[in-house]
Number of protein chains: 2
Amino acid sequence: MVASERSVSAVGNAQAREIWELLLELSRTHLRERLAATISAFDLSVPQAHALQLLEPGRPLPMRDLAARLRCDASNITGIVDRLEARGLVERQPAPGDRRVKALVVTDKGVALRTSLVERLHRVPPAFAGLSAEEQRTLLDLLRRIAVACEQDPQGPASML
Amino acid sequence: MVASERSVSAVGNAQAREIWELLLELSRTHLRERLAATISAFDLSVPQAHALQLLEPGRPLPMRDLAARLRCDASNITGIVDRLEARGLVERQPAPGDRRVKALVVTDKGVALRTSLVERLHRVPPAFAGLSAEEQRTLLDLLRRIAVACEQDPQGPASML
DNA sequence: TATTGTTATACTCTATAACTATA
DNA sequence: TATAGTTATAGAGTATAACAATA
C-alpha cells in the first residue's frame with residue numbers, strides 16, 4: 001500500500017462516517033416525519049400504506065408474499081389486510097391452482113387512493129431545489145453506486161456485534 | 001427565463017425525483033433494517049434506543065423535553081422510561097427549582113450500553129468503501145446542502161394534501 | 001389557571017404458538 | 001408431513017382524556 005492510498009483511506013473513513021451519520025439523521029428526522037405526515041393524512045398506518053404500495057394494480061399477491069415483503073410474521077397480515085378490506089381498498093380472492101392461498105387485489109377505490117398516495121410520497125421536497133442539474137446528476141450517480149453496493153452486501157458481515 | 005434554465009429545470013426535476021425515490025428506498029430498506037437489527041441486538045425497542053441516545057451523560061433531561069424530542073405524547077414517556085429504569089439504564093431524579101418535573105439521567109450501566117450502541121449505530125457500512133475520498137467529499141458536500149435546506153424548510157408548504 | 005407526570009383506555013403493530021384446511 | 005391463512009395471546013408504541021401535585 002502506498003502513501004496516497006493510506007491517506008485516502010484515513011481521510012475517507014472520517015468523511016464516510018460523516019456521510020453515514022448525515023444519512024441516518026436525515027432519514028430519522030425529515031424523511032421519517034414527512035412520510036408519517038403524508039401517510040396519516042390518508043388515514044393509513046405505515047404498514048397499511050406500505051402494503052398498499054406493494055399491491056400493484058392487476059397483480060394479485062398471495063398474503064404470504066406480502067408478509068415476506070413487509071418483513072413481518074404472516075400472522076400480522078391478517079389484521080392489516082382486514083383493515084384495508086374493511087375500507088374497501090383491497091380484496092381477498094381465491095388463487096388459481098392452490099385453494100389454500102388467498103390472493104390480494106386492490107379495488108378501484110384502492111387504486112385511486114394508492115395512486116394519490118404514491119404521487120404524494122414521491123413528490124420531491126423543495127429542499128432539492130438548491131442543487132443545479134449538474135450537481136443533481138453527480139448526487140444521483142453517487143447514491144446509485146451506494147445503493148448497488150448495499151444490494152450486494154445485504155446486511156454486511158460486520159453487521160453483528 | 002432563458003432556454004437553458006427551462007431545460008435545467010425540466011431535467012433537474014426528473015433527476016431530483018430519482019434522487020428522492022432512491023433516498024426513500026435506501027431509508028426504508030437497508031438503513032431501516034440495519035438500525036432495527038442493531039437495536040434489537042441490544043434488546044432495546046426503537047423508541048428506547050432513541051431515548052437513550054438523547055440522554056447525554058451528565059445532562060439531566062426533563063421527561064417533558066424527552067417527549068418533545070421523541071415527537072410523541074408525554075404520556076408515552078412514562079412507559080418507555082419505566083422499562084429503561086427497570087433495566088437500570090436510567091433514573092428519575094427530582095429537578096431543582098420545580099418539584100413537578102422529573103429529570104432523567106443515565107446510570108453508569110446506561111452510559112456503557114449507550115456508548116456501545118452509538119458506536120455500533122454509527123459504524124460505517126462497507127457499501128461506502130467503493131467511493132474515493134474525492135467522491136466522498138463531493139457527496140458529503142451535496143448532502144450537507146440538502147440537510148441545511150431541510151432545516152430551513154421544516155415540513156415544506158407543499159407538505160399537506 | 002396552567003403545567004408535569006401519571007393513569008386509564010383504546011387501537012395498531014409485533015412475534016409466538018396452536019389451529020384449520022388444504023397440499 | 002408440510003404449507004397458507006387464521007386465531008389467541010402477550011408485549012410495546014401511539015393518542016386522547018382525566019387526574020393529582022405543583023406552579
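Residue numbering restarts at 1 for every chain, and letters A, B, ... go by the order of the sequence lines.
- Within 4.0 Å of B:Ser45, counting heavy atoms only, lie sugar-phosphate atoms of the nucleic acid but no base atom.
- If you measure from atom CG of A:Leu84 to atom P of C:dC11, you get 17 Å, rounded to the nearest angstrom.
- A donor N or O paired with an acceptor N or O is found under 3.5 Å between the base of C:dT16 and the side-chain atoms of A:Ser75.
- For DNA chain D, the residues of residues 46-57 of chain B within the heavy-atom distance limit of 4.0 Å (strictly under) are B:Pro47, B:Gln48, sorted by number.
- B:Ser27 places no side-chain N or O within 3.5 Å of a backbone atom of B:Leu23 that could act as its donor or acceptor partner.
- Side-chain contact between A:His30 and A:Glu25 is absent, with no heavy-atom pair separated by less than 4.5 Å.
- In this structure, the side chain of B:Arg120 does not engage the main chain of B:Ala41 through any donor-acceptor pair within 3.5 Å.
- Regarding A:Ile80, its CD1 atom lies at a distance of 17 Å from the P atom of C:dC11, rounded to whole Å.
- Rounded to whole Å, the distance from CZ on A:Arg87 to C1' on C:dC11 is 14 Å.
- Across residues 60-74 of chain B, B:Cys72, B:Asp73 each have a non-hydrogen atom less than 4.0 Å from an atom of DNA chain D (numbered order).
- In this structure, B:Asn76 atom CG and C:dT9 atom C1' are separated by 13 Å, rounded to whole Å.
- Using a 4.5 Å heavy-atom cutoff, the side chains of A:Leu24 and B:His122 are in contact.
- Side chains of B:Leu66 and B:Val81 form a contact here, defined as non-hydrogen atoms less than 4.5 Å apart.
- Nucleotides of DNA chain D lying under 4.0 Å from heavy atoms of chain B occupy a range whose first and last members, 5' to 3', are D:dA12 to D:dA23.
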Quiz item: Should B:Leu70 and B:Asn76 be marked as a side-chain contact (heavy atoms from CB on, under 4.5 Å) after you check the CA-CA gap, both sets of side-chain angles, and the distance that decides it?
Solution: CA-CA 10 Å; B:Leu70 288 181; B:Asn76 299 318; over 6 Å; no
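- Legend: salt bridge (charged side-chain N to carboxylate O under 4.0 Å, His left out) pairs involving residues 78-89 of chain B, not counting sequence neighbours, sorted by first then second residue: B:Asp82-B:Arg92, B:Glu85-B:Arg92.
- For A:Ser116 (side chain) and A:Ala112 (main-chain N/O), no donor-acceptor pair under 3.5 Å exists by modelled atom type.
- In this structure, B:Leu104 and B:Leu84 have side chains that are not in contact, with every pair of non-hydrogen atoms separated by 4.5 Å or more.
- Side chains of B:Leu55 and B:Leu89 form no contact here, defined as non-hydrogen atoms less than 4.5 Å apart.
- Atom CG in B:Leu44 sits roughly 16 Å away from atom C1' in C:dT14 (whole-Å rounding).
- Near DNA chain D, meaning a heavy atom under 4.0 Å from it, residues 89-99 of chain B has B:Asp98, B:Arg99 in order of number.
- Residue pairs that meet the side chain to side chain donor-acceptor pair (under 3.5 Å) test with at least one member in residues 52-62 of chain B, sequence neighbours left out, do not exist here.
- Residues B:Trp20 and A:Leu31 are in side-chain contact: their nearest non-hydrogen atoms beyond the backbone lie under 4.5 Å apart.
- The distance between atom CD1 of B:Ile77 and atom P of C:dT3, rounded to the nearest whole Å, is 18 Å.
- Side-chain contact between A:Thr115 and A:Glu119: absent, with no pair of heavy atoms (C-beta onward) separated by less than 4.5 Å.
- The shortest side-chain heavy-atom distance between B:Leu143 and A:Ile19 falls under the 4.5 Å cut-off.
- Atom CG in A:Asp43 sits roughly 14 Å away from atom C1' in C:dT12 (whole-Å rounding).
- Heavy-atom distances to DNA chain C give each of A:Arg83 and B:Thr78 a nearest nucleotide, and the one nearer the 5′ end belongs to B:Thr78.
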